[in-house]
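Sequence lines set the chain letters: A, B, ... in the order given, protein chains first and strands last, and positions in each chain run from 1. Values reported hereafter were calculated over all heavy atoms of this structure, with side chains retained and with hydrogens, waters and symmetry mates removed.
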There are 2 protein chains.
Amino acid sequence: MTQKTSAAPEAPAAPDESGVLPEPAPKEIRLESVMHALADPCRLRIVTELAVQQHEMTCQAFGLPVSKSTSTHHFKVLREAGVIRQYRKGTARMSRLRRAELDGLFPGLLESVLNGALAQRARLGE
Amino acid sequence: MTQKTSAAPEAPAAPDESGVLPEPAPKEIRLESVMHALADPCRLRIVTELAVQQHEMTCQAFGLPVSKSTSTHHFKVLREAGVIRQYRKGTARMSRLRRAELDGLFPGLLESVLNGALAQRARLGE
DNA sequence: CTCGTAGTACGACATCTGTCAAACTACGAT
DNA sequence: ATCGTAGTTTGACAGATGTCGTACTACGAG
C-alpha cells in the first residue's frame, strides 16, 4: 500500500501524487525538532515570511542572504521537522506553513513564536 | 547565518549582591537563543519541571540522566539564554524560571511550549 | 581544621550544524 | 535542440554542541 521510493528509511507520510516532498506525519512531529528548526535566524525568517504572506512561496522569493545550497538545506530542515510542506510546481518548489497540524499538536506555539519574532524585530529595529 | 549565542564577555546585567549568577537583561534576551535553549530534551525537561514545581530547585533535584558537568552545562545554557535565574544558596544553586520576563518579551511562548511538552509526553507515553 | 556535598572549570572527543562552491537534474521557453 | 531558471546533491570545512572524566572551588557540619 505504502508506495515506498526507498529514499528515506521509513518516512511514514509522503503522499507523492501531487508532487509533495517527503514530510513527517503529524504523529511523528516532535516538539524538540520544531523548536530546533525555529531556533535558526534564517529559518525563523522563512517561517515568519510564510506567515505574513498567507499563500505558498517559492524558495527564492525570500531573498535569504545565503547560497542556493544553504537555502535548500534550511527548507529541508523545516520540512523534515514538520513545520512546512513543499511540493513541486514546474521548476519551482512551493512552500506552505503546516499551521493546522502544528496548532493541533502544539496549540498556540506557532502563534506565539511568530508574534515573538515580529515583536523582537520591531524592538531591535528591523 | 552563523547564529550567535553571545556568551557575553561583558554580560550587562549581573546583580551580584544576592548571589545571582550572570544573566542577560530582559532587553538582551533573544528569541533564537530561547528557542535553542528549549530545543534540547534535557533542558526542556528542566524547564517543564521548574514550571510544575512552582518554586526554585537545586540542580540535582531533577535527576537528569547525565553527568554533573553536563548538568552544569545545560543550566548554564538556560541561564545565559535568559530562561532561568540561578543564585547561590549555601553550597547549592537554586534555579527559577524567569516567567515574568519571558512573558513580557514573548507572550504565550513559554506557556505553549510547556503545554506542548506535556501534551507530547502524554501522547508518547511518558 | 577536616571532611563531605554541590557545583564549576578544563580539556578531550565525537557528532552535528551552517556554510559554500561546483556539478548535476528538472522543467519551461525560445 | 538549446538555453536559462530553480533547485538538489555532493564534498568540504570551520565552528558549535553534548557528553564525559578529572581536577578544582565553595560552603556547611562535625
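One can place NE2 of A/H74 at 12 Å from P of C/dT17, the figure rounded to the nearest angstrom. As rounded to whole Å, 15 Å separates atom C1' of C/dA26 from atom CD of A/Q86. If you measure from atom CD of A/E80 to atom P of D/dT8, you get 11 Å, rounded to the nearest angstrom. What separates NZ of A/K89 from P of C/dG28 is a distance of 12 Å, to the nearest Å. Atom pair A/Y87:OH and D/dT8:C1' shows a separation of 19 Å (rounding to whole Å applied). Nucleotide C/dT8 holds its C1' atom 18 Å from the CE atom of B/M94, rounded to whole Å. Rounded to an integer number of Å, the gap from A/K76 NZ to C/dC16 C1' is 14 Å. Rounded to whole Å, atom P of C/dT15 lies 18 Å from atom CG of B/D40.
Remark: side-chain polar atoms of A/Q120 are paired, donor with acceptor, to backbone N or O of B/L31 under 3.5 angstrom. A distance-only check finds a donor-acceptor pair linking the side chain of A/R123 to the backbone of B/K27 [under 3.5 Å].
The side chain of B/R88 places no N or O atom within less than 4.0 Å of a non-bridging phosphate oxygen (OP1 or OP2) of C/dA6.
With rounding to the nearest 0.5 Å, the separation of CD1 in A/I84 from CE in A/M57 is 11.5 Å. Going from atom CG of B/L109 over to atom CD of A/E111 covers 11.5 Å, rounded to the nearest 0.5 Å. Interatomic distance, NE2 of B/H74 versus OG of B/S69, reported as 10.0 Å (0.5 Å rounding). To the nearest 0.5 Å, atoms CG (A/L21) and CZ (A/F75) are separated by 12.0 Å. Between atom CG of residue A/L38 and atom CG of residue A/L102 there is a gap of 8.5 Å, rounded to the nearest 0.5 Å.
Side chain of A/L21, nearest nucleotide from D/dT8, D/dA6, C/dG18: D/dT8. Which of D/dT8, C/dA26, D/dG18 sits closest to the side chain of B/R43 comes down to D/dG18.
Applying a 4.0 Å cut-off to non-hydrogen atoms, the residues of residues 29-36 of chain A that approach DNA chain C are A/H36, listed by residue number. Less than 4.0 Å separates DNA chain C from at least one heavy atom of each of the following residues of residues 57-73 of chain B: B/T58, B/C59, B/Q60, B/K68, B/S69, B/T72.
B/A119 and A/L105 get closest at one heavy-atom pair: CB-O, 4.5 Å. Of all heavy-atom pairs between B/G90 and B/R93, the closest is O-NH1, 4.4 Å.
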